[in-house]
Colleague: 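Structure provided below as structure tokens; questions to follow.
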There are 2 protein chains.
Amino acid sequence: MGDLKKIHISLTKPDREMLKAIYRLSKGGGFAHTGALADAIGLSPGTVTTTIKRLAERDLLEHQPYRGVELTTAGRRAAVSAIRRHRIVERFLSDMLGYAWNEADRLAGAFEHELPQEVEERMFVAMDRPATCPHGFPIPDPDVSHIPEMPTLYALEPGAEAVVAVPGSTDPEVVKFLDAMGLRPGVRVLIKEKHPFDGPLVMRVAGQDRTIGEKVASQIFVRVLSDSDDGSNGSGKLKEQPA
Amino acid sequence: MGDLKKIHISLTKPDREMLKAIYRLSKGGGFAHTGALADAIGLSPGTVTTTIKRLAERDLLEHQPYRGVELTTAGRRAAVSAIRRHRIVERFLSDMLGYAWNEADRLAGAFEHELPQEVEERMFVAMDRPATCPHGFPIPDPDVSHIPEMPTLYALEPGAEAVVAVPGSTDPEVVKFLDAMGLRPGVRVLIKEKHPFDGPLVMRVAGQDRTIGEKVASQIFVRVLSDSDDGSNGSGKLKEQPA
DNA sequence: GTTGACTTTTTGAGTACCCAAAACAATAAT
DNA sequence: ATTATTGTTTTGGGTACTCAAAAAGTCAAC
Ligand SMILES: [Mn+2]
Ligand SMILES: [Mn+2]
Ligand SMILES: [Mn+2]
Ligand SMILES: [Mn+2]
């Protein structure tokens with residue numbers, strides 16, 4: 001009865017990329033700054049300013065000059081919808097075309113923007129509605145304006161059990177290292193020990209004890225298993241979360 | 001030893017569409033005219049002129065002002081490669097996502113241009129290297145500069161046997177009529193009679209005798225079965241061949 | 001509180017893309 | 001041969017997108 005029509009916003013590639021980047025950089029609802037966006041997308045700061053003004057015009061975000069931008073609800077919905085599409089396409093590349101999980105991100109980014117959302121939905125059902133992208137990040141439902149955040153591996157406390165997710169945009173060298181450690185998307189880990197002062201983390205992965213440093217452990221995200229559901233889910237600081 | 005490097009030409013969407021349209025309209029090697037191209041692609045004549053000048057600059061075609069354009073060999077290769085991609089994507093939509101053959105054309109056109117040719121190739125092998133698109137037209141090999149032409153159903157003589165191909169861009173009303181006649185892509189037909197003075201054509205389709213007029217029969221293309229290979233393959237005038 | 005470092009926005013410039021309408025060329029009709 | 005018709009190109013105008021560099025704003029240090 002309200003006049004909330006399901007207006008379907010048509011966005012261009014740069015607009016979508018911008019919204020995705022803002023969402024990534026300002027997850028909890030904070031501000032994203034021009035410079036950070038320029039770095040993230042690989043555009044000049046001037047271009048970022050122009051683009052966000054265009055998006056502000058369409059009420060997808062609010063722009064406080066010299067301060068930064070914040071997504072509106074509509075903007076968050078659009079961003080999440082872009083992320084959904086990205087993750088479905090990644091899943092398609094990995095499940096239906098056999099690409100390795102660390103190749104999917106780049107290729108998905110190349111054509112996801114032109115894909116009719118009709119085809120996106122068909123891909124989704126053809127793959128039996130997968131819950132996550134090949135990197136282990138959740139595929140959000142359509143029309144939601146928020147994706148539940150995941151803590152990093154390093155945010156877990158000893159005793160916690162979790163399933164790992166590794167961003168598709170991770171540095172190849174790191175990916176090789178992680179692979180050697182058995183830390184692939186979907187793998188289950190049990191935290192055994194965490195040394196103080198940002199010290200290394202000891203855990204059990206596929207029947208083996210593994211130790212990794214804070215730096216790497218902070219790049220890996222996890223879905224905590226409902227068992228010991230304490231692990232810093234709401235309070236611990238959550239990092240930027242690509243995929 | 002020659003300096004023929006396999007230079008990979010990067011083409012934009014309008015450029016590709018232009019090359020495809022020119023190829024379709026000037027199959028045998030003749031000229032394509034600005035107005036016909038404007039109609040085919042849905043652009044203004046002025047835009048067509050600008051685009052072909054850009055392509056002429058890159059030696060993909062020759063432009064004789066006020067006369068028309070003719071593709072160079074490089075241009076034909078690029079056009080065929082674009083058609084190959086279109087048909088692979090159509091096949092993907094129909095085989096892997098379950099779209100009906102008459103829906104595939106429109107959707108393929110929406111995102112084929114951004115698809116990395118790496119992904120195109122993976123689709124192709126994932127589908128076991130299909131010989132034709134869902135409409136029955138051949139998927140050309142990479143790097144060829146010509147696609148063998150197909151005669152129309154109406155060009156066949158009594159006694160000829162053939163497999164039908166129906167352009168994906170056919171008017172929905174016609175599609176419905178063809179469907180009722182059993183004339184779907186891949187179906188085998190045997191010509192029984194052809195009445196003079198552009199009269200109707202009588203044929204056997206799926207165990208039934210069918211009669212259709214010249215107008216419709218000229219919109220259907222066929223692959224003649226090697227049996228009675230006489231049927232006007234080289235001489236009979238071949239029509240524009242979409243798909 | 002003025003200076004200086006840093007960030008952001010604005011300005012100026014260029015490409016690609018599109019259209020409508022004026023100018024032009026080729027052709028057909030008188 | 002002139003005129004009219006038709007088709008093509010050019011011109012003028014607009015949006016989106018991008019950058020480099022100038023101008024403006026913010027903020028922290030002195
Ligand atoms: Mn990704
Ligand atoms: Mn992913
Ligand atoms: Mn087609
Ligand atoms: Mn086809």
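Numbers restart at 1 for each chain; the letters A, B, ... are given by sequence-line order, proteins then strands.
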Colleague: Under 4.0 Å between a side-chain N or O of B:Thr34 and OP1 or OP2 of D:dT9?
Modeller: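 Yes, within the criterion.
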Colleague: Toward the 5' end of DNA chain D, which comes first, A:Tyr66 or A:Gly46, by nearest nucleotide?
Modeller: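 Final value for this comparison: A:Gly46.
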Colleague: I'd like to know if the side chain of A:His113 reaches the main chain of A:Thr12, judged simply by a donor and an acceptor atom lying under 3.5 Å from each other, with no hydrogens or angles considered.
Modeller: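 No; judged by distance alone, with no hydrogens or angles, the pair does not exist.
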Colleague: Ignoring hydrogens and geometry, is there a side-chain-to-backbone donor-acceptor pair from B:Thr72 to B:Leu60 under 3.5 Å?
Modeller: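 A pair under 3.5 Å: yes.
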Colleague: At under 4.0 Å, does any side-chain N or O of A:Lys13 touch on OP1 or OP2 of D:dA16?
Modeller: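 False: A:Lys13 side-chain N/O out of range (4.0 Å or more) of D:dA16 OP1/OP2.
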Colleague: Could you state the CD-P distance from B:Glu17 to C:dC17, rounded to the nearest angstrom?
Modeller: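 Roughly 12 Å, once rounded to whole Å.
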Colleague: Of the nucleotides C:dC17, C:dC19, D:dT10, which one has an atom closest to the side chain of B:Thr49?
Modeller: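 My answer, after comparing the listed nucleotides, is D:dT10.
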Colleague: With a 4.0 Å limit, can you tell me whether B:Thr47 has a side-chain N or O closer than that to the phosphate oxygens OP1/OP2 of C:dC19?
Modeller: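 Yes.
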Colleague: Is B:Arg87 salt-bridged to B:Glu112, going by a charged N under 4.0 Å from an acidic O?
Modeller: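 No, B:Arg87 and B:Glu112 are not salt-bridged.
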Colleague: So, does B:Arg67 get its side chain near the phosphate of D:dT9, meaning an N or O under 4.0 Å from OP1 or OP2?
Modeller: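 No, no such contact exists.
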Colleague: At 4.0 Å (heavy atoms only), tell me whether B:Pro45 reaches a base, stays on the sugar-phosphate, or touches nothing.
Modeller: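 The answer is base, as B:Pro45 lies within the cut-off (heavy atoms under 4.0 Å) of a base atom.
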Colleague: Nearest to the side chain of B:Pro65, which nucleotide is it out of D:dT9, D:dT18, C:dC19?
Modeller: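 Out of D:dT9, D:dT18, C:dC19, the nucleotide with an atom closest to B:Pro65's side chain is D:dT9.
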Colleague: Hey, is the side chain of A:His63 poking within less than 4.0 Å of OP1 or OP2 on C:dT8, counting only N and O atoms?
Modeller: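 No, A:His63 has no side-chain N/O under 4.0 Å of OP1/OP2 on C:dT8.
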Colleague: Whole angstrom is fine here: how far is it from CG in B:Leu11 over to P in C:dT15?
Modeller: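 B:Leu11 atom CG is separated from C:dT15 atom P by 19 Å.
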Colleague: Please check this pair: side chain of B:Arg16 against backbone of B:Ala82, looking for a donor-acceptor N/O pair closer than 3.5 Å.
Modeller: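 Such a contact is absent between B:Arg16 side chain and B:Ala82 backbone.
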Colleague: Whole-Å distance between D:dT26 C1' and A:Gln64 CD?
Modeller: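 Answer to the nearest Å: 14 Å.
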Colleague: Rounded to whole Å, how long is the line connecting atom NZ of A:Lys53 with atom P of C:dT8?
Modeller: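 The distance from NZ of A:Lys53 to P of C:dT8 comes to 15 Å, rounded to the nearest Å.
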Colleague: Within this structure, what is the CD1-to-P distance between B:Ile52 and C:dC17, rounded to whole angstrom?
Modeller: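 Whole-Å distance recorded here is 14 Å.
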Colleague: May I ask you to say what B:Thr50 touches in the nucleic acid, namely base, sugar-phosphate or nothing, with a heavy-atom cut-off under 4.0 Å?
Modeller: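 No contact.
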Colleague: Taking CG from A:Asp39 and P from C:dT7, how many angstroms apart are they, rounded to a whole number?
Modeller: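 In whole Å, C:dT7 P and A:Asp39 CG are 10 Å from each other.
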Colleague: Expressed as a whole number of angstroms, how long is the span from B:His33:NE2 to C:dA26:P?
Modeller: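 Between P of C:dA26 and NE2 of B:His33: 13 Å.
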Colleague: For B:Glu120 and B:Arg85: C-alpha separation, side-chain torsions, deciding distance, then whether salt bridge (charged side-chain N to carboxylate O under 4.0 Å, His left out) applies.
Modeller: CA-CA 7 Å; B:Glu120 169 198 333; B:Arg85 175 169 307 181; 2.7 Å; yes
Colleague: Round to the nearest Å and state the distance from A:Leu37 atom CG to D:dT18 atom P.
Modeller: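 Interatomic distance, CG of A:Leu37 to P of D:dT18: 13 Å.
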